[in-house]
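Let me begin by presenting the structure, written as structure tokens, before commenting on it.
Please read these numbers as outputs of a predicted model, since none were measured by experiment.
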Amino acid sequence: MKKTLLGSTIVLAAALSLPLASLNAAEPEDLIKYRKNVMKSIGGHTGALFAIAGAKAGDPSHMGAHADALASSAMIVKDIFPPESADGDTRAKAEIWSDAEGFAAAVTELEEAAQGVKDAFDNNGDMGAALKALGGSCKGCHDDYRSD
């Protein structure tokens with residue numbers, strides 16, 4: 001029994017470490033592609049929220065789903081800019097890594113703004129103000145840390 005339990009524990013530990021090991025061993029172009037997809041999803045949810053709020057398109061009942069997804073996605077931005085993804089087919093500026101403190105502050109602003117949108121929706125708050133803050137955080141980061 002002890003050998004079976006020990007063997008199972010070792011196999012489980014090895015299996016759980018595989019996803020992390022493969023993520024850390026990713027090629028720079030794969031890291032960049034992943035980052036682009038995450039940022040596109042943030043942009044997509046942001047665009048959908050603005051369209052619904054402006055009564056241009058979308059069903060208002062979808063707003064909560066977009067707000068939830070946006071807040072969740074914003075929380076992983078800090079993890080999708082590893083140094084090995086600095087070069088390649090990317091619009092990420094070198095300042096992301098040379099001004100890591102400033103970039104971290106910009107990411108924190110995004111996280112807070114995205115959470116603010118979710119909170120405004122959940123609490124029947126001022127969606128206009130929350131979306132304005134979100135737009136400002138996106139613009140600020142793009143102005144400083146993304147090439148045209």
_Partner residues of D59 under the side-chain hydrogen bond (donor to acceptor under 3.5 Å, both in side chains) criterion, sequence neighbours left out_ = S61
_Within this structure, what is the CG-CE distance for the pair L110 and M75, rounded to the nearest 0.5 Å?_
9.5 Å
*For the pair N37 (side chain) and K33 (backbone), establish whether a donor and an acceptor sit closer than 3.5 Å, ignoring hydrogens and angles.*
yes
_Side-chain touch R35/V77, heavy atoms, less than 4.5 angstrom_ = no
*Could you list the residues that satisfy side-chain hydrogen bond (donor to acceptor under 3.5 Å, both in side chains) with T46, not counting sequence neighbours?*
none
*Check salt bridge (charged side-chain N to carboxylate O under 4.0 Å, His left out) between K36 and all other residues, then give those that pass, not counting sequence neighbours.*
D89
Donor-acceptor contacts, no H, no angles, side chain residues 129-144, under 3.5 Å, sequence neighbours left out:
residue, atom, partner, partner atom, Å
S137, OG, L134, O, 2.8
K139, NZ, D143, OD2, 2.6

*Drop me the distance from I76's CD1 to K78's NZ, to the nearest 0.5 angstrom.*
9.0 Å
*Can you check whether R91's main-chain N or O pairs, donor with acceptor, with R146's side chain at less than 3.5 Å?*
no
*Which residue pairs satisfy the salt bridge (charged side-chain N to carboxylate O under 4.0 Å, His left out) criterion with at least one member in residues 40-55, sequence neighbours excluded?*
none
*asked:* Holding to salt bridge (charged side-chain N to carboxylate O under 4.0 Å, His left out), I want the full list of residues that pass it with E109, two or more places apart in sequence or in another chain.
replied: none
Enumerate, atom names and distances included, each donor-acceptor pair closer than 3.5 Å involving a side-chain atom of residues 62-73, sequence neighbours excluded.
residue, atom, partner, partner atom, Å
H66, ND1, H45, ND1, 2.9
D68, OD1, K118, NZ, 3.3
S72, OG, D68, O, 3.2
S73, OG, A69, O, 2.9

*Indicate the atoms forming the closest heavy-atom contact of T90 with A86, along with that distance.*
CG2-O, 3.7 Å
*Shared hydrophobic cluster, I80 / V107 (ILVMFWY, side-chain heavy atoms < 4.5 Å)*: yes
*Could you tell me which residues satisfy side-chain hydrogen bond (donor to acceptor under 3.5 Å, both in side chains) with K93, sequence neighbours excluded, listed by chain and number?*
none
*For residues L31 and P82, report the shortest heavy-atom separation together with the two atoms involved.*
CD1-CG, 3.9 Å
With a 3.5 Å cut-off and sequence neighbours excluded, list the donor-acceptor pairs that the side chains of residues 95-104 form with protein atoms.
residue, atom, partner, partner atom, Å
W97, NE1, F81, O, 2.8
S98, OG, A94, O, 3.4
D99, OD1, G102, N, 3.1
D99, OD2, Y145, OH, 2.7

_So does G125 get a backbone contact from the side chain of N123, meaning a donor-acceptor N/O pair under 3.5 Å?_
no
*Going only through I, L, V, M, F, W and Y residues with side-chain contacts under 4.5 Å, is there a path from I42 to I32?*
no
*Who pairs with D30 by side-chain hydrogen bond (donor to acceptor under 3.5 Å, both in side chains), at least two apart in sequence or on another chain?*
none
